[in-house]
Undergrad: 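I'd like to ask some things about the structure below.
Atoms within a ligand are numbered from 1 in the order they appear, just like the ligands themselves. Note that these values count all heavy atoms, side chains included, but never hydrogens, waters or copies made by symmetry.
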Amino acid sequence: MYQLNYHSISSKGLVLKDLNDILDEAIAFNASKNISGCLIYHNDNFVQILEGEKKDVLEVYERIKKDNRHHSITLLWENKVNKRHFEEWNMAYYNPNEKNMKLFITNFLLLSSLSDRNSGTLLSFWSSVRKILEDGSSHLGVNKL
Ligand SMILES: Cc1cc2nc3c(=O)[nH]c(=O)nc-3n(C[C@H](O)[C@H](O)[C@H](O)COP(=O)(O)O)c2cc1C
């Protein structure tokens, strides 16, 4: 089992439909390759963690890097792991008002503090998530892949 975590910036003019399209493509392809993970979108930042067989994770990452809906793609961490960490995640899509957003971010950061931290990729994923969530609050999506 392999995990990979990257950060990127969304391209200018990205709209909700683009995010939904990205998610539809990701869910369909990842399911076919048995890849799980989580994609966070907040304030023009994407952070994604992918896990699966190494060759599949690297293949999907190559596809993602070519996508012109984001840029400045930076690989943050990759390593082998013994088990999946994101298999059971429930999908949430978030476009909340300010009040709910604050609560959501608080809960999500709490989740991050409780999460299993036994791989470098997990550590780097959660620390990137904290960084982008603590940096203002507008539109956020969190999705199981
Ligand atoms: C931030 C971001 C995350 C993405 N995550 C995935 C993913 O996890 N799996 C996936 O198959 N495609 C993902 N995509 C979409 C791929 O980049 C690509 O558009 C899609 O796989 C279709 O590729 P194709 O046009 O070569 O068939 C993502 C795109 C972006 C911008």
Side-chain angles (χ1 to χ4, degrees), residues 1-96 100-102 104-112 114-145:
M1 193 65 41
Y2 203 69
Q3 280 179 337
L4 182 151
N5 171 221
Y6 71 85
H7 172 264
S8 65
I9 311 281
S10 61
S11 300
K12 271 212 163 62
L14 212 71
V15 294
L16 191 57
K17 182 181 180 307
D18 296 311
L19 295 170
N20 286 330
D21 289 349
I22 288 170
L23 204 62
D24 287 346
E25 290 163 15
I27 289 170
F29 184 80
N30 295 3
S32 76
K33 298 279 178 175
N34 206 9
I35 290 174
S36 47
C38 184
L39 175 65
I40 310 277
Y41 175 72
H42 188 58
N43 286 345
D44 300 333
N45 291 269
F46 287 112
V47 178
Q48 188 172 26
I49 183 165
L50 296 162
E51 56 187 17
E53 289 307 314
K54 182 173 181 180
K55 72 167 179 32
D56 297 329
V57 169
L58 295 179
E59 181 192 335
V60 74
Y61 184 54
E62 285 308 310
R63 290 158 68 101
I64 291 170
K65 281 199 288 186
K66 290 186 199 133
D67 200 311
N68 61 15
R69 290 169 291 188
H70 63 165
H71 61 88
S72 312
I73 297 136
T74 310
L75 178 64
L76 298 174
W77 210 282
E78 54 185 327
N79 60 247
K80 271 198 216 158
V81 279
N82 296 329
K83 59 167 181 127
R84 286 182 194 271
H85 291 83
F86 289 87
E87 196 161 29
E88 300 305 326
W89 271 50
N90 290 320
M91 169 140 84
Y93 192 78
Y94 226 70
N95 192 3
N100 291 341
M101 170 63 94
K102 288 212 170 96
F104 181 82
I105 289 179
T106 307
N107 288 341
F108 202 74
L109 293 177
L110 178 67
L111 176 63
S112 86
L114 298 174
S115 88
D116 200 340
R117 287 166 178 263
N118 61 6
S119 90
T121 303
L122 278 173
L123 277 170
S124 93
F125 173 71
W126 285 117
S127 103
S128 322
V129 169
R130 295 183 83 92
K131 212 181 289 165
I132 66 171
L133 292 186
E134 282 164 351
D135 174 30
S137 59
S138 57
H139 184 264
L140 169 74
V142 179
N143 293 285
K144 179 188 176 195
L145 289 173

Undergrad: Taking 4.0 angstrom as the limit and counting only heavy atoms of Phe29, give me the atoms of ligand 1 inside it, by number and element.
TA: 11 (O)
Undergrad: Just let me know how Arg63 lines up against ligand 1, side chain, backbone, both or neither, with a heavy-atom cut-off below 4.0 Å.
TA: both
Undergrad: Against heavy atoms of Gln48, which atoms of ligand 1 measure under 4.0 Å?
TA: 3 (C), 4 (C), 5 (N), 7 (C), 8 (O)
Undergrad: Please state which option from Cys38, Ser36, Ala26 has its nearest heavy atom closest to atom 10 (C) of ligand 1.
TA: Ala26
Undergrad: Can you list the ligand 1 atoms lying under 4.0 Å from a non-hydrogen atom of Leu50?
TA: 8 (O)
Undergrad: Quick one: which of Glu51, Lys54, Glu53 gives a side chain to side chain contact (heavy atoms under 4.5 Å, CB included) with Tyr2?
TA: Lys54
Undergrad: At a non-hydrogen distance cut-off of under 4.0 Å, which region of Tyr61 contacts ligand 1 (side chain, backbone, both, or neither)?
TA: neither
Undergrad: Check ligand 1 against Glu25 and write out every atom of the ligand that is under 4.0 Å from a heavy-atom position of the residue.
TA: 11 (O), 15 (C), 18 (C), 19 (O), 20 (C), 22 (C)
Undergrad: I need the atoms of ligand 1 closer than 4.0 Å to a non-hydrogen atom of His70, numbered in the order shown.
TA: 1 (C), 31 (C)
Undergrad: For ligand 1, which atoms sit closer than 4.0 Å to a heavy atom of Ile22?
TA: 2 (C), 3 (C), 4 (C), 28 (C), 29 (C), 30 (C), 31 (C)
Undergrad: Where does the angle between the aromatic ring planes of Tyr61 and Tyr6 fall among parallel (under 30°), tilted (30 to 60°) and perpendicular (over 60°)?
TA: tilted
Undergrad: Do you know which of Ser128, Ser36, Ser124, Cys38 makes side chain to side chain contact (heavy atoms under 4.5 Å, CB included) with Ile49?
TA: Cys38
Undergrad: With a 3.5 Å cut-off and no angle check, do the side chains of Thr121 and Asn5 form a donor-acceptor pair?
TA: no
Undergrad: Using heavy atoms and a threshold below 4.0 Å, how should the contact between Val60 and ligand 1 be classified: side chain, backbone, both, or neither?
TA: side chain
Undergrad: Short list, please: which atoms of ligand 1 are under 4.0 Å from a heavy atom of Tyr6?
TA: 1 (C), 2 (C), 3 (C)
